[in-house]
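These notes are about the structure you will find just below.
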Amino acid sequence: MKVAVYSARKYDTDALTRANEAEGNPHALVFHDIQLTPNTVRVAEGSEAVCVFVNDDVGRETLRLMSDMGIRAVATRSAGRNHIDAEAADELGIEVRSVPAYSPHGVAEYAVALMLTLNRKIHRAFNRVREGNFALDGLLGFDMHGKTVGVVGTGLIGACVCRILLGMGCRVLAYDVRAQQSLERAGVVYMPLEEMLPQCDILTLHCPLLDATRNLIDAEAIERMPDHAMLINTSRGGLMDTGAAYAALRAGRLGSLGIDVYEEESELFFEDRSDTGLTDELLARLVALPQALVTGHQAFFTSEALEKIAEITIRNLSDMAGR
Ligand code: NAD
């Protein structure tokens, strides 16, 4: 198929080209570093499929325009599908494929890296030492061993997080619509979210963004957590109310916040914006807080994951071409 690949960075281009070559170049991949929106969809003229990433706009309007252009397939290089209007795609007969499992370990390890960095303040120590400041004041952390961590969503990624934390000697509580018996046998205790929140030294989010999970962690939920609690979100920005988290950090009602995702990230992430500075006011205020750590959606970003994503995406395109 001729495929218009949107939001293509050099690492995507390299990995997809390699994966396509490994299969004997079944697809003509045309790479574009712009985002897919209703305004940029025309770039895909003449293609049979588009390949997208998390911040591309695959809403009803884009899909309608794609359908008019004869595009019948969408392959997203992500596990999450919340950027795609599945109902509209269905109505228009556009097939959608994602990469449900590529490297849950990479994302899980990153969530734990955020916990450890925030806890032991390694990001602050890094800056201090570069300026010749070896003082330890303000860098006091806590042992992870024995602490209670709440995991929301124990699918592929959440399950890896649970196992890493159990290995560190944490008490692991979980909330999911579906409990995993193997995790229960390993020592994870499932309970309703309201019951879990007051017990959490750390809360980490690993469920998908759905209508049912949008703003799951809002001001009220944060209020239920202990004042010293750490909140980690490597899943999707829309799962939490970032404004409420910022207010709670400022008021001393939340201990720390580590986020790799942000609800408004589509206008910001994956680009070098160092010349303009941060135009998003909430994010600018958040990154100025010492107890907040923000990264730009990089939890998935390991060489193993990139390779797997590319391999599965090429296979998804081939499957859709065969229909
Ligand atoms: P998964 O489908 O394997 O697991 C999701 C889990 O969430 C399942 O156990 C499911 O039962 C649970 N769940 C569904 N609805 C729920 C609800 N209402 N309340 C509580 N739990 C609910 O998915 P995964 O591979 O573990 O990925 C989880 C999420 O991580 C993805 O949806 C994606 O948004 C995010 N993600 C982020 C990155 C990144 O780079 N930051 C990378 C990959 C995935």
Side-chain angles (χ1 to χ4, degrees), residues 7 9 11-12 52-56 58 76-84 86 96-115 150-165 172-184 188-197 200 203-218 221 231-240 242 257-263 265-266 268-270 293-310 312-313:
S7 298
R9 303 290 174 256
Y11 47 82
D12 297 306
V52 299
F53 197 47
V54 291
N55 289 331
D56 287 307
V58 201
T76 181
R77 310 189 290 282
S78 61
R81 286 171 169 243
N82 53 285
H83 52 303
I84 302 169
V96 178
R97 291 285 178 96
S98 60
V99 187
Y102 47 89
S103 176
H105 303 285
V107 181
E109 288 164 14
Y110 193 84
V112 177
L114 282 180
M115 290 174 204
V151 180
V152 177
T154 54
L156 292 168
I157 297 169
C160 288
V161 170
C162 289
R163 292 186 189 281
I164 296 171
L165 294 169
V172 181
L173 309 180
Y175 165 66
D176 197 308
V177 286
R178 203 159 42 94
Q180 273 201 45
Q181 281 181 4
S182 60
L183 288 177
E184 286 181 311
V188 173
V189 180
Y190 283 87
M191 59 183 63
L193 185 64
E194 312 79 68
E195 204 178 304
M196 184 169 93
L197 292 172
C200 292
L203 181 73
T204 183
L205 309 181
H206 301 287
C207 62
L209 178 60
L210 310 165
D211 286 343
T213 58
R214 186 170 292 279
N215 264 339
L216 189 69
I217 305 303
D218 57 7
L231 174 58
I232 300 289
N233 187 7
T234 57
S235 200
R236 284 293 179 269
L239 292 176
M240 57 177 279
T242 313
L257 175 72
I259 56 173
D260 184 51
V261 285
Y262 179 54
E263 191 160 17
E265 69 175 59
S266 63
L268 292 165
F269 286 8
F270 307 121
L293 183 52
V294 180
T295 56
H297 208 134
Q298 69 174 82
F300 76 99
F301 200 52
T302 66
S303 45
E304 290 83 354
L306 281 185
E307 204 175 303
K308 202 87 192 150
I309 289 169
I312 298 171
T313 299

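Order of listing sets the numbers, starting from 1, for every ligand and every atom in it.
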Of all the non-hydrogen atoms in the protein, which one sits nearest to atom 19 (N) of ligand 1, and at what distance? Y175 CE2, 3.6 Å

Taking distance alone, with no angle check, do I157 and ligand 1 share an N/O pair under 3.5 Å? yes

Donor-acceptor pair, side chain of N82 and main chain of L209, under 3.5 angstrom: no

Tell me, please, which residues at least two apart from C200 pass side chain to side chain contact (heavy atoms under 4.5 Å, CB included). M196, L203

Close side-chain approach of S78 to H83, heavy-atom, < 4.5 Å: yes

Flag S235 as yes when one of its N or O atoms lies below 3.5 Å from any N or O atom of ligand 1, and as no otherwise. yes

Does the protein place a non-hydrogen atom closer than 4.0 angstrom to atom 23 (O) of ligand 1? no

Can you tell if the side chain of F300 reaches within under 4.5 Å of the side chain of T234, non-hydrogen atoms only? no

heavy-atom search around atom 14 (C) of ligand 1 in the protein gives P208 CD, 3.7 Å

Region of H297 engaging ligand 1 - heavy atom pairs below 4.0 Å: side chain

Any idea which protein heavy atom is nearest atom 9 (O) of ligand 1, and the distance to it? D176 OD2, 2.6 Å

Within this structure, what is the CD1-NE2 distance for the pair I232 and H206, rounded to the nearest 0.5 Å? 8.5 Å

For V107, take its heavy atoms, then give the atoms of ligand 1 lying under 4.0 Å from any of them. 42 (C), 43 (C)

Quick one: nearest non-hydrogen protein atom to atom 43 (C) of ligand 1, plus distance? Y102 OH, 3.0 Å

Look only at interatomic distance and state if G155 has a nitrogen or oxygen under 3.5 Å from any nitrogen or oxygen of ligand 1. yes

Using the side chain to side chain donor-acceptor pair (under 3.5 Å) rule, take Y175 and T154 through it: C-alpha gap first, then chi angles, then the decisive distance, then the call. CA-CA 8 Å; Y175 165 66; T154 54; over 6 Å; no

Do E304 and Y102 have side-chain heavy atoms sitting under 4.5 Å apart? no

Verify, without hydrogens or angle tests, whether T302 (side chain) and A305 (backbone) share a donor-acceptor contact under 3.5 angstrom. yes

With heavy atoms of G153 as the reference, note each atom of ligand 1 found under 4.0 Å away. 7 (O)

Heavy-atom nearest neighbour in the protein, as seen from atom 18 (N) of ligand 1, with distance rounded to 0.1 Å: T213 CG2, 3.2 Å

Pairs satisfying salt bridge (charged side-chain N to carboxylate O under 4.0 Å, His left out), at least one member in residues 208-217, at least two apart: R214-E263

protein heavy-atom neighbour closest to atom 40 (O) of ligand 1 works out as F300 N, 3.0 Å

Under 3.5 Å between any N/O of T234 and any N/O of ligand 1: does that happen in this structure? yes

Using modelled atom types only, decide if a donor and an acceptor are shared between the side chain of R9 and the backbone of F270 within a distance under 3.5 Å. yes

Under 4.0 Å from any heavy atom of A299, which atoms of ligand 1 are there? 39 (C), 40 (O), 41 (N)

Within a distance under 4.0 Å of any heavy atom of L210, pick out the atoms of ligand 1 and give their elements. 15 (N)

Contact (N/O only, under 3.5 Å) between D260 and ligand 1: yes

Report yes if some heavy atom in the side chain of T313 is under 4.5 Å from a heavy atom in the side chain of V99; otherwise report no. yes

Among all protein heavy atoms, pick out the one at the shortest distance from atom 3 (O) of ligand 1; state its residue, atom name and that distance to 0.1 Å. L156 N, 2.9 Å

of all protein heavy atoms, closest to atom 33 (C) of ligand 1 is R236 NH1, 3.7 Å

Do N55 and E265 have a side chain donor and acceptor closer than 3.5 Å? yes

Taking distance alone, with N or O pairs closer than 3.5 Å, would you say V152 contacts ligand 1? no

